[in-house]
S.K.: 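One structure, pasted below without further comment.
Count residues from 1 along the sequence.
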Amino acid sequence: MTDSFQEFRDILQTGNLPADTSQFSEACQRRLLDALAAVETPNAPGKGDIAALVRHLLRREDELQGGMPQTIKVRRTSSFPNREIWRQSGINILREGSDYYLISADPWQPNWLDFSEQYHPDKPVFKEEDRRNYEPVAGDPFLELVDLKKYRSVGQREAIRAVLTAPECATLVINLPTGSGKSLCAQLPALLGSQTGGVSAIVVPTTALAIDQERALKPFFNHATAYYRDESEEGQQRRKEIRDRIRNGTQRIVFTSPESLMSSLAPSLYEAAMSKMLRYFVIDEAHIVEQWGDEFRPAFQELPGLRRDLLRLTSFTTLLLTATLTESCLDTLETLFGKPGPFQVISAVQLRPEPSYWFAWCESEEIRKQRLIEAVYHLPRPLIVYATKREDVRRWKQDLLRAGFKRCAIMTGDSSAAERSQLIEDLRERRVDIVVATSAFGLGVDQSDVRAVIHACIPETIDRFYQEVGRGGRDGKAAISLTLHTTEDLKIAKYLNENSAITIERGLQRWESMFLKKTILADGRFRVPVNIPPSFQLADIDMNSEQNQAWNIRTLTLMSRAGLIEIDADRPPLRKNFESKDAYQKAWKLHRESRFIRILDESHLKAETWERKVEPIRQHRQNWSYKNLELMREALRPKRCISEILAEAYTIRDRAIPEPRKMVRISPACGGCPVCRKKGESGFSGIMPAPSPVWQKPNFWVGEELERLLAGDKLMLIFYESMEDKNGKLKNSQLFQWLSEQGISNLVVTQEFYSTFIKEPNLISYPFIFLFEKYQPILMPRIPTLIFHPPGKAIPDNYLSPNRTSDAPLIIVLPLDTRDPSRNDRKLIDIFSGKYFMFNHFCTEVNL
């Protein structure tokens, strides 16, 4: 029995709640204490809440004690559950007195879940099994900038290296699984790139995520970095200060929503670009750009045009971060962000091993309700219940309230930004245990300890399902996915799937309406209104303006993908250019209700052009949606492991045209599914693949002095006699400092000799240094490289390979007595015909 559990026994028996809960190590203990502290207050928990939280406490302790059932006394009062509610929670009353119950909790084994007797659905989640298997890997020196010494995963390491070597104006899609350190792939390069000034804009889907990111980087900033809507005096001042710092180059990083970036933040960003101070343009959760469903956000599809216009003013790198990249999504991202500049994908995708998958078909809505309430009584907190329709969300909340669950909140597409932020804060602060939501609740939500996700619906795609399941187990520990579905759900899913894209007839009608009201600009572009209805029929005239504008933007995106137009942007109006506030606001309204485009196909108004160019794109996307629904249907009644189904959804095929693309392979993982349970197989986790460098021609530079010494060669040897004397070790460090300042960025050195070169890394002096223990040119960025070869070892053949594919210099520091790799009876220095120096001579040559 754990000490904290014994202490809890006393608390529940006496009712004496501690003022300080920090000594309780288990989150379920702190959550129960928070709920008990609210008893007899306006925010009192329901009796169902208390029963489920006590069950969580007991089942957690059971698993900590190796499955041995634990007991606890609870008070028998009006504010605590009665006998029936304890029973509904799977709790046994072993003994009772006039003022107490002695209780224990049974494992949950519902007879309506196949194989639940052999595989208790709740055992792994209460045990909190560690399922994430990728390990940290050795770091590079610049990680010290954020107080780190190791990368969280091999995928994170290779992604950051790819970002730092990206060619000018490049776009890099970073496809890494949840928990592997995706955010740092943007944050760290942004910090490195702004040490002497500059700003990187990081677009996130929610205010809560912007605040989370700001909180994570707070130790490294003395000013605000999250830019979000707040009309208080303090909030307005905060936003003004961020805009001012962007203009003067001291902001470094700003986290914001696409809506803010496209509106109040845009003028400052343009000024930063004009001052050559824009370093990175980042979109987190980039798959939202392709989202066309109920939660569609037009501003995400406006970002490519803004990026294109900013690139006319300066060069910067674009980063698109995601954990769920499909082939359809990648095609869309490449269309919108592929030019100008090279476009690449770095991917290290391992399916999530945390969730176990359980599915149950329900004969009626009443049976589903019974099973859902039963699951909520038995499963750990916090948990999420997903539904497809907003009215279902509201109905489920009422059902849960009637069942005694008051620590429950909802989120739908109707929820305001303030309501969303409040819900996420309440969840984080343990004021809410259950969230009932549509797919609006997901992106930007990083609650690490969600242990259960229940679907009371059938998602219209396997992609939506996997993203929503992904809200659970984000800390790497076991989670449960339970899907309760009916026949009617499938009809709803098919309807949503079939109506997720605009028809070409309607699309052309919208385009004709927009183009009729165009304004021709001096540079040949057009300004088109997006607030105009598709026709003047009564149904269209009365169309909801926000929804109408969203569909118009979808139409422009579809046309862009088909090559009819190019979506662009223009600098927002500036207040100083207008005589009155009214004139300025009028100009702003025109700007926000317009989009800027360039015509690529002069037959863009012809129906046959839409049939020939737009329909294949639309149909391709629709086929992908159909396939995604079929995979979802297969998951419900599977004949193969869920990992195979998900791998099919997220594997991206290779291609040769229009631009070469490597296949994105998926490392399988399964935390338990119907097929594996039927076969008697345990869950498993694959190995995160280590991606290779993606840039054939990465960005690098070579200093003038090093260029002079190389004299046109790409390989140079520097021979040393001994590394034992102190003077030699000092000069080694000085030599490395000099070479790094001349553009050397790869350092190949064994751990034994690492301190010989880098004693106290000066992060300002080193733009970046990548460390390697051995020379593997295929696995290393093709940038200037220094190899330090230790004494007493033969050199590998690849040091002197005549078939090197990199244009970057390679400098090898090696012992004077190094033998010719092809003949051991002679020294390399005696037969080497290329450029070489003796160590001391080289140091003299560069004034060390």
S.K.: Please determine if Arg464 and Glu460 form a salt bridge, counting it only when a charged side-chain N lies under 4.0 Å from a carboxylate O.
M.R.: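 Answer for the salt bridge query: yes.
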S.K.: Hey, is the main chain of Ser180 close enough, under 3.5 Å, to the side chain of Ser153 for a donor-acceptor pair?
M.R.: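 Between the backbone of Ser180 and the side chain of Ser153 there is a qualifying donor-acceptor contact (under 3.5 Å).
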S.K.: So, do Phe255 and Tyr228 sit near enough that their side-chain heavy atoms are less than 4.5 Å apart?
M.R.: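 Side chain of Phe255 against side chain of Tyr228, heavy atoms only: no contact under 4.5 Å found.
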S.K.: Under a plain distance cut-off of 3.5 Å, with no hydrogens placed, do Asn175 and Tyr650 share a side-chain donor-acceptor pair?
M.R.: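 The criterion, which ignores hydrogens and geometry beyond distance, is not satisfied for Asn175 and Tyr650.
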S.K.: To the nearest 0.5 Å, what is the distance between OG1 on Thr326 and CD1 on Ile652?
M.R.: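 Spacing of OG1 (Thr326) from CD1 (Ile652) equals 6.5 Å.
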S.K.: Provide the closest heavy-atom pair for Thr388 versus Thr438 in the form atom of the first, atom of the second, distance.
M.R.: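 Shortest heavy-atom separation between Thr388 and Thr438 comes out as O-CG2, 3.8 Å.
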S.K.: Are any non-hydrogen side-chain atoms of Val203 and Val282 less than 4.5 angstrom apart?
M.R.: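 A side-chain contact is absent here, since even the closest heavy-atom pair is not under 4.5 Å.
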S.K.: Can you confirm whether or not the ring centre of Phe465 sits under 6.0 Å from the ring centre of Tyr386?
M.R.: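 Here the rings of Tyr386 and Phe465 have centres that are no less than 6.0 Å from each other.
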S.K.: Any side-chain to backbone donor/acceptor pair from Asn92 onto Ala105? Under 3.5 Å, distance only.
M.R.: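 Looks like no, no N/O pair under 3.5 Å.
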S.K.: Can a donor-acceptor pair be found, under 3.5 Å and without considering hydrogens, that links the side chain of Ser116 to the backbone of Leu113?
M.R.: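 Checked: pair present.
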S.K.: Any donor-acceptor pair under 3.5 Å linking the side chain of Asp49 with the backbone of Arg407?
M.R.: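 Here the side-chain-to-backbone pair exists.
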S.K.: Quick one, Leu372 with Ile454, criterion side chain to side chain contact (heavy atoms under 4.5 Å, CB included). Give me CA distance, side-chain angles, the key distance, then yes/no.
M.R.: CA-CA 8 Å; Leu372 186 138; Ile454 304 174; 4.1 Å; yes
S.K.: Should Asp475 and Arg451 count as an ion pair when the cut-off is N to O under 4.0 Å?
M.R.: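 Salt bridge: yes.
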S.K.: Check this for me: does any side-chain nitrogen of one of Arg55 and Asp122 sit under 4.0 Å from a carboxylate oxygen of the other?
M.R.: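 The answer is yes: the pair qualifies as a salt bridge.
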S.K.: Do the charged groups of Glu425 and Arg428 touch, with an N to O distance under 4.0 Å?
M.R.: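 A salt bridge is absent here (no side-chain N lies under 4.0 Å from a carboxylate O).
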S.K.: Heavy atoms, side chains only, cut-off 4.5 Å: are Arg474 and Val450 in contact?
M.R.: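 No, their side chains stay 4.5 Å or more apart.
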S.K.: For Gln370 and Glu374, does a side-chain donor sit closer than 3.5 Å to a side-chain acceptor?
M.R.: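 No pair is found: no donor N or O on one side chain lies under 3.5 Å from an acceptor on the other.
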S.K.: Below 4.0 angstrom, N of the basic side chain to O of the carboxylate: do Lys182 and Glu285 qualify?
M.R.: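 So Lys182 does not pair with Glu285 through a salt bridge.
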S.K.: Are the side chains of Phe405 and Pro45 in contact, using a 4.5 Å heavy-atom criterion?
M.R.: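 When only atoms from C-beta onward are counted, Phe405 and Pro45 do not touch, as no gap falls below 4.5 Å.
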S.K.: For Tyr377 versus Gly48, what's the shortest heavy-atom pair and its separation?
M.R.: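 Distance-wise, the nearest heavy atoms are CE2-CA, 3.9 Å.
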S.K.: Quiz question: by atom type and distance under 3.5 Å, do the side chains of Gln350 and Ser685 form a donor-acceptor pair?
M.R.: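 Checked: Gln350/Ser685 side chains pair up, N/O donor to acceptor below 3.5 Å.
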S.K.: If you measure from the Lys or Arg side-chain nitrogens to the Asp or Glu carboxylate oxygens, is any gap between Lys123 and Glu63 under 4.0 Å?
M.R.: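 Salt bridge between Lys123 and Glu63, a charged N being under 4.0 Å from a carboxylate O: yes.
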S.K.: Measuring from Glu644:CD to Lys639:NZ, what's the distance to the nearest 0.5 Å?
M.R.: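 Here the interatomic distance stands at 13.5 Å.
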S.K.: Are the side chain of His378 and the backbone N or O of Trp108 linked by a donor-acceptor pair below 3.5 Å?
M.R.: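 Side chain of His378 to backbone of Trp108, a donor-acceptor pair under 3.5 Å: no, none is there.
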S.K.: When you check the gap from the basic side-chain N to the acidic O, do Arg633 and Glu630 get nearer than 4.0 Å?
M.R.: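 Salt bridge between Arg633 and Glu630, a charged N being under 4.0 Å from a carboxylate O: yes.
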S.K.: Any chance you could measure Gln622, atom CD, to Tyr626, atom OH, to the nearest 0.5 Å?
M.R.: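 Gln622 atom CD to Tyr626 atom OH measures 4.5 Å (nearest 0.5 Å).
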S.K.: Using atom types as modelled and distance alone, determine if a side-chain donor or acceptor of Asn628 lies under 3.5 Å from a backbone N or O of Ile462.
M.R.: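 Flag set: sc Asn628 to bb Ile462 pair under 3.5 Å.
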S.K.: Can you check whether His485 and Phe359 have ring centres sitting under 6.0 Å from each other?
M.R.: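 Aromatic pair excluded; centres sit 6.0 Å or further apart.
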S.K.: Would you indicate whether Lys406, at its atom NZ, is surrounded by more than 12 heavy atoms from other residues, nucleotides or ligands within a distance under 6.0 Å?
M.R.: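 No, the 6.0 Å shell around NZ holds no more than 12 heavy atoms from other groups.
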S.K.: Look up atom CZ in Phe126 and atom CG in Leu57, then write down how far apart they are to the nearest 0.5 Å.
M.R.: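 It comes to 10.5 Å.
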S.K.: Inspect the contact between Asp114 and Arg677 and indicate whether a charged nitrogen and a carboxylate oxygen are less than 4.0 angstrom apart.
M.R.: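 A salt bridge is absent here (no side-chain N lies under 4.0 Å from a carboxylate O).
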S.K.: Please test Leu423 against Val435 for side chain to side chain contact (heavy atoms under 4.5 Å, CB included), starting from the C-alpha separation and ending with a verdict.
M.R.: CA-CA 9 Å; Leu423 187 156; Val435 177; 3.8 Å; yes
S.K.: Would you indicate whether the side-chain heavy atoms of Gln29 and Ser4 approach each other to under 4.5 Å?
M.R.: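 Side chain of Ser4 against side chain of Gln29, heavy atoms only: contact under 4.5 Å found.
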S.K.: Would Glu128 and Arg60 pass as an ion pair if we require N to O under 4.0 Å?
M.R.: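 Yes, Glu128 and Arg60 are salt-bridged.
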S.K.: Return yes if some donor-acceptor pair links the side-chain N/O of Thr322 with the main-chain N/O of Thr324 below 3.5 Å, else return no.
M.R.: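 It does hold such a pair.
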S.K.: Should Tyr466 and Thr461 count as side-chain neighbours, where that means a heavy-atom distance under 4.5 Å?
M.R.: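 Contact flag for Tyr466/Thr461 side chains = no.
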S.K.: Report the C-alpha separation of Leu64 and Glu26 in whole Å, then their side-chain angles, then the decisive distance to 0.1 Å, and conclude whether the side chain to side chain contact (heavy atoms under 4.5 Å, CB included) test is met.
M.R.: CA-CA 11 Å; Leu64 287 173; Glu26 295 288 336; 3.9 Å; yes
S.K.: What heavy-atom pair brings Leu319 and Cys185 nearest, and what distance separates the two atoms?
M.R.: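 Minimum heavy-atom contact is CD1-O, 4.0 Å.
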S.K.: On a heavy-atom basis, which atom in Ile202 and which in Ala186 lie closest, and how many Å separate them?
M.R.: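 Here Ile202 and Ala186 meet closest at CD1-CB, 4.3 Å.
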S.K.: Under 6.0 Å from the CZ atom of Arg229, do we count more than 12 heavy atoms belonging to anything else shown?
M.R.: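 Incorrect, the count does not exceed 12.
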S.K.: If you count every heavy atom of other residues, nucleotides or ligands that lies below 6.0 Å from Arg395 atom CZ, does the total exceed 12?
M.R.: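 More than 12 within 6.0 Å, yes.
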S.K.: Would you say that Glu354 contacts Lys477 through its side chain, given a criterion of any heavy-atom pair below 4.5 Å between the two side chains?
M.R.: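 Result no, sub-4.5 Å side-chain heavy-atom pair not found.
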S.K.: Does any non-hydrogen side-chain atom of Gln467 lie less than 4.5 Å from one of Asp463?
M.R.: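 Touching, per the 4.5 Å side-chain cut-off.
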S.K.: Under the side chain to side chain contact (heavy atoms under 4.5 Å, CB included) criterion, do Leu325 and Val173 qualify, and how do the steps go?
M.R.: CA-CA 9 Å; Leu325 184 69; Val173 179; 4.0 Å; yes
S.K.: Of all the heavy-atom pairs spanning Glu429 and Asp34, show the shortest one and how long it is.
M.R.: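 Closest approach of Glu429 to Asp34, heavy atoms only: O-OD2, 4.1 Å.
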S.K.: Keeping the roles fixed (side chain from Arg352, backbone from Gly472), state whether a donor-acceptor pair exists under 3.5 Å.
M.R.: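 Present.
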S.K.: Is a side-chain N or O of Arg131 found less than 3.5 angstrom from the main chain of Gly671, in a donor-acceptor match?
M.R.: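 Side chain of Arg131 to backbone of Gly671: a pair is present.
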S.K.: So, taking the atom named CG in Leu629 and the one named CG in Leu490, what distance separates them when rounded to the nearest 0.5 Å?
M.R.: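 The distance works out to 6.5 Å.
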S.K.: Quick check for you: to the nearest 0.5 Å, what is the distance between Asp426 atom CG and Gln422 atom CD?
M.R.: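 If we round to the nearest 0.5 Å, Asp426:CG and Gln422:CD are 4.5 Å apart.
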S.K.: If you compare all heavy atoms of Gln187 against all heavy atoms of Leu217, which two are closest, and at what distance to 0.1 Å?
M.R.: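 Heavy atoms of Gln187 and Leu217 come nearest at OE1-CD2, 3.7 Å.
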S.K.: Do side-chain atoms of Arg368 reach the backbone of Ala456 as a donor and acceptor pair under 3.5 angstrom?
M.R.: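 Yes, the answer is positive, given that a donor and an acceptor are paired below the 3.5 Å cut-off.
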